[in-house]
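Right, one structure below, let's go through it.
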Protein chains: 2
Amino acid sequence: MNQSSNCDPLSMGRRSEHTRRQLSDLILQAAEQLIVDHGLAGLSARAIARDIGYTPGTIYLLFANLDDVILHVNARTLDALYAYIKAAIAKERSPLRQLMQAARAYVEFARTHPNRWRACFEHRLPVDVAGPDDIDVRIQQLIDLIMAPLADVSQTEGAALDAAAQALWSGVHGICILTLTHKLQMVGGREIEHLTDNLVRHYLVGLAASDASTDSMGP
Amino acid sequence: MNQSSNCDPLSMGRRSEHTRRQLSDLILQAAEQLIVDHGLAGLSARAIARDIGYTPGTIYLLFANLDDVILHVNARTLDALYAYIKAAIAKERSPLRQLMQAARAYVEFARTHPNRWRACFEHRLPVDVAGPDDIDVRIQQLIDLIMAPLADVSQTEGAALDAAAQALWSGVHGICILTLTHKLQMVGGREIEHLTDNLVRHYLVGLAASDASTDSMGP
DNA sequence: AGTAACAAATGAACGGCGTTCAATGCCATC
DNA sequence: GATGGCATTGAACGCCGTTCATTTGTTACT
């Protein structure tokens with residue numbers, strides 16, 4: 001009656017040379033490699049299938065559609081980005097340096113993995129699903145990473161702190177986007193790191209100055 | 001021998017109900033409308049042809065390919081954006097207010113024409129043509145718009161001024177991107193305008209403060 | 001051993017895409 | 001009227017995402 005035997009339920013498949021989990025990983029790895037090599041535009045179900053030695057239909061046994069695959073790849077990328085920034089922050093002690101290093105880590109990740117990074121933000125879902133999916137949650141987690149040091153540096157809290165974190169993070173993001181897509185003419189030796197430092201430093205100075213003059217009335 | 005007659009060379013066409021120029025405009029208008037209605041993903045040669053009453057092949061008599069069409073639509077969009085920001089700046093006198101209004105105009109344009117605006121930055125060319133095309137030139141013109149007031153406010157010039165303009169403009173751009181793509185959780189009543197004001201104001205304060213402490217030694 | 005049951009995987013098919021190009025149709029001219 | 005020649009067509013190619021009836025291989029039970 002019951003299917004309990006000495007073989008685990010995961011290997012119940014008939015022709016399966018791979019567990020569902022293994023196959024799922026294969027697909028995601030192949031998809032990620034295609035994105036790395038040729039960008040989001042280079043991703044196709046047929047290309048994935050070719051690379052893993054299956055047919056396109058197999059992908060649809062494990063994922064709802066290609067968007068679903070992309071979402072999973074992007075989730076992995078954002079996890080890696082999260083870990084990278086977290087490590088960068090952990091290396092520093094002073095909140096100010098933590099913020100600077102976080103920004104630099106973000107930029108460096110985007111520059112090291114341009115196609116994976118861009119896929120996270122270029123991928124446009126169909127009109128549906130306004131609800132915050134996995135991706136949006138992960139992006140919020142990225143922003144949360146800088147909340148603590150930003151609170152220290154700016155002496156703000158609550159909504160003002162949230163706003164500052166979002167503004168700062170968006171700003172760095174904008175620099176990455178425009179630089180990676182070559183929309184900014186980088187004349188001379190000015191590099192993306194300089195722009196990032198410029199933005200973060202001046203923003204933080206201004207933020208601290210504004211707080212000092214409005215929030216705290218002084219001791 | 002020569003084709004000179006009482007009819008202008010533009011109407012030499014045989015079955016043509018439209019001048020090449022008219023037909024080109026028809027195509028661009030239809031393409032723009034498709035982008036407005038359904039985003040870049042909603043654009044296709046067949047859809048354009050259907051809307052203007054021609055066949056897909058006709059498009060290729062006037063444009064090299066669909067990318068070429070998109071490039072032209074984007075150029076128009078950036079021209080409109082340029083005019084919009086320029087008008088916003090012209091309404092103000094003080095450089096600081098000019099910068100704030102320029103940022104707000106940018107945001108407002110992106111919010112009013114989200115699909116057209118996004119098309120300018122989502123469109124990814126094939127690996128070729130690194131050379132600065134029309135689009136990049138127009139983006140540089142946008143940045144140039146804020147150079148004069150920024151020079152006033154910041155008391156900087158040369159490379160430092162360029163860097164400040166790029167950093168500030170990229171920051172506002174990043175806010176637009178993340179907001180329009182709903183990657184930022186906009187909790188409470190915080191809106192994109194508040195974020196923009198926040199970024200611009202604090203950045204400018206910090207920029208001016210840094211200049212005062214480094215560049216000019218003070219009278 | 002034989003067989004029934006069943007899941008894994010296939011591959012053909014559908015409609016749509018960008019793009020090309022020989023063939024067609026229309027017009028101005030001779 | 002015949003002719004030359006360009007504007008336009010529409011069929012075709014090879015790609016795409018996605019679906020699903022069919023096949024195939026494995027297990028479980030007789």
Side-chain angles (χ1 to χ4, degrees), chain A residues 1-24 26-27 30-31 34-35 38-71 73 123-126 128, chain B residues 1-24 26-27 30-31 34-35 38-71 73 123-126 128:
Chain A
M1 283 296 188
N2 54 13
Q3 69 283 15
S4 68
S5 76
N6 52 0
C7 78
D8 52 0
L10 286 175
S11 66
M12 280 185 355
R14 297 303 115 80
R15 195 187 318 178
S16 57
E17 301 155 356
H18 300 104
T19 303
R20 314 276 290 201
R21 178 60 197 267
Q22 286 176 326
L23 194 45
S24 173
L26 271 181
I27 292 172
L34 283 166
I35 290 175
H38 310 101
L40 253 191
L43 187 73
S44 78
R46 286 175 162 89
I48 295 173
R50 201 181 309 125
D51 287 358
I52 65 174
Y54 281 80
T55 54
T58 302
I59 297 172
Y60 292 84
L61 300 175
L62 294 156
F63 297 91
N65 47 45
L66 258 206
D67 278 345
D68 192 20
V69 175
I70 297 173
L71 248 38
V73 172
H123 179 233
R124 191 175 186 175
L125 286 178
D128 53 14
Chain B
M1 286 297 187
N2 53 14
Q3 71 284 17
S4 67
S5 75
N6 52 0
C7 77
D8 51 1
L10 288 174
S11 64
M12 280 189 350
R14 294 304 114 79
R15 196 190 315 178
S16 58
E17 300 154 359
H18 300 103
T19 302
R20 311 277 290 208
R21 177 59 197 267
Q22 285 176 328
L23 194 44
S24 172
L26 271 180
I27 291 171
L34 284 166
I35 289 175
H38 309 102
L40 252 191
L43 186 72
S44 78
R46 286 174 163 88
I48 295 173
R50 202 181 307 125
D51 289 356
I52 65 174
Y54 280 80
T55 53
T58 302
I59 297 172
Y60 292 83
L61 299 174
L62 294 155
F63 297 91
N65 46 45
L66 258 207
D67 278 344
D68 192 21
V69 175
I70 297 174
L71 247 38
V73 172
H123 179 235
R124 190 175 187 177
L125 286 178
D128 53 14

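Quick note on labels: first sequence line is chain A, next is B, and so on, each numbered from 1.
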Length of the line joining [X]:[atom1] and [N]:[atom2], which is rounded to integer Å:
{"X": "H18(A)", "N": "dA7(C)", "atom1": "NE2", "atom2": "C1'", "value": "17 Å"}
{"X": "L26(B)", "N": "dT8(D)", "atom1": "CG", "atom2": "C1'", "value": "15 Å"}
{"X": "H123(A)", "N": "dG17(D)", "atom1": "NE2", "atom2": "P", "value": "12 Å"}

Interface residues of residues 58-69 of chain A with DNA chain D (non-hydrogen, below 4.0 angstrom):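 When residues 58-69 of chain A is checked for heavy atoms under 4.0 Å from DNA chain D, the hits, listed by number, are Y60(A), N65(A), L66(A).
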Residues touching DNA chain D, which here means a heavy atom under 4.0 Å, drawn from residues 40-49 of chain A: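 Nucleic-acid contacts, sorted: L43(A), S44(A), A45(A), R46(A).
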Inter-end axis angle, the helix from dA1(C)-dT30(D) to dC30(C)-dG1(D), with every axis fitted to five base pairs (rounded, 10 degrees): 30°
Which residues share a side chain to side chain contact (heavy atoms under 4.5 Å, CB included) with N65(A), sequence neighbours left out: Y60(A), D67(A), D68(A)
Pairing residues for L34(A) by the side chain to side chain contact (heavy atoms under 4.5 Å, CB included) criterion, not counting sequence neighbours: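 For L34(A), the residues satisfying side chain to side chain contact (heavy atoms under 4.5 Å, CB included) (neighbours in sequence not counted) are H38(A), L43(A), A47(A), I48(A), D51(A).
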Partners meeting salt bridge (charged side-chain N to carboxylate O under 4.0 Å, His left out) with R50(A) (sequence neighbours left out):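 Applying salt bridge (charged side-chain N to carboxylate O under 4.0 Å, His left out) to R50(A) gives none.
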Identify the heavy atoms of [X] and [Y] that sit nearest to each other, and give their distance.
{"X": "L61(A)", "Y": "R20(A)", "value": "O-NH2, 3.6 Å"}
{"X": "I59(B)", "Y": "I27(B)", "value": "CA-CD1, 4.0 Å"}
{"X": "V69(B)", "Y": "A31(B)", "value": "CG1-CB, 3.7 Å"}
{"X": "L66(B)", "Y": "A45(B)", "value": "CD1-N, 3.7 Å"}
{"X": "P56(A)", "Y": "A49(A)", "value": "N-CB, 3.4 Å"}

Closest nucleotide among dC17(C), dT9(D), dT10(C) to the R50(B) side chain: dC17(C)
Set of side-chain hydrogen bond (donor to acceptor under 3.5 Å, both in side chains) partners for R124(A), sequence neighbours left out: N115(B)
From H18(A) atom NE2 to L62(A) atom CG, the distance as rounded to the nearest 0.5 Å: 12.0 Å
L23(A) side, atom CG; Y54(A) side, atom OH - distance, nearest 0.5 Å: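 Rounded to the nearest 0.5 Å, the CG-OH separation comes out at 5.0 Å.
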Contact under 4.0 Å: R20(A) side-chain N or O vs dA8(C) OP1/OP2: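 Affirmative; the distance criterion is met.
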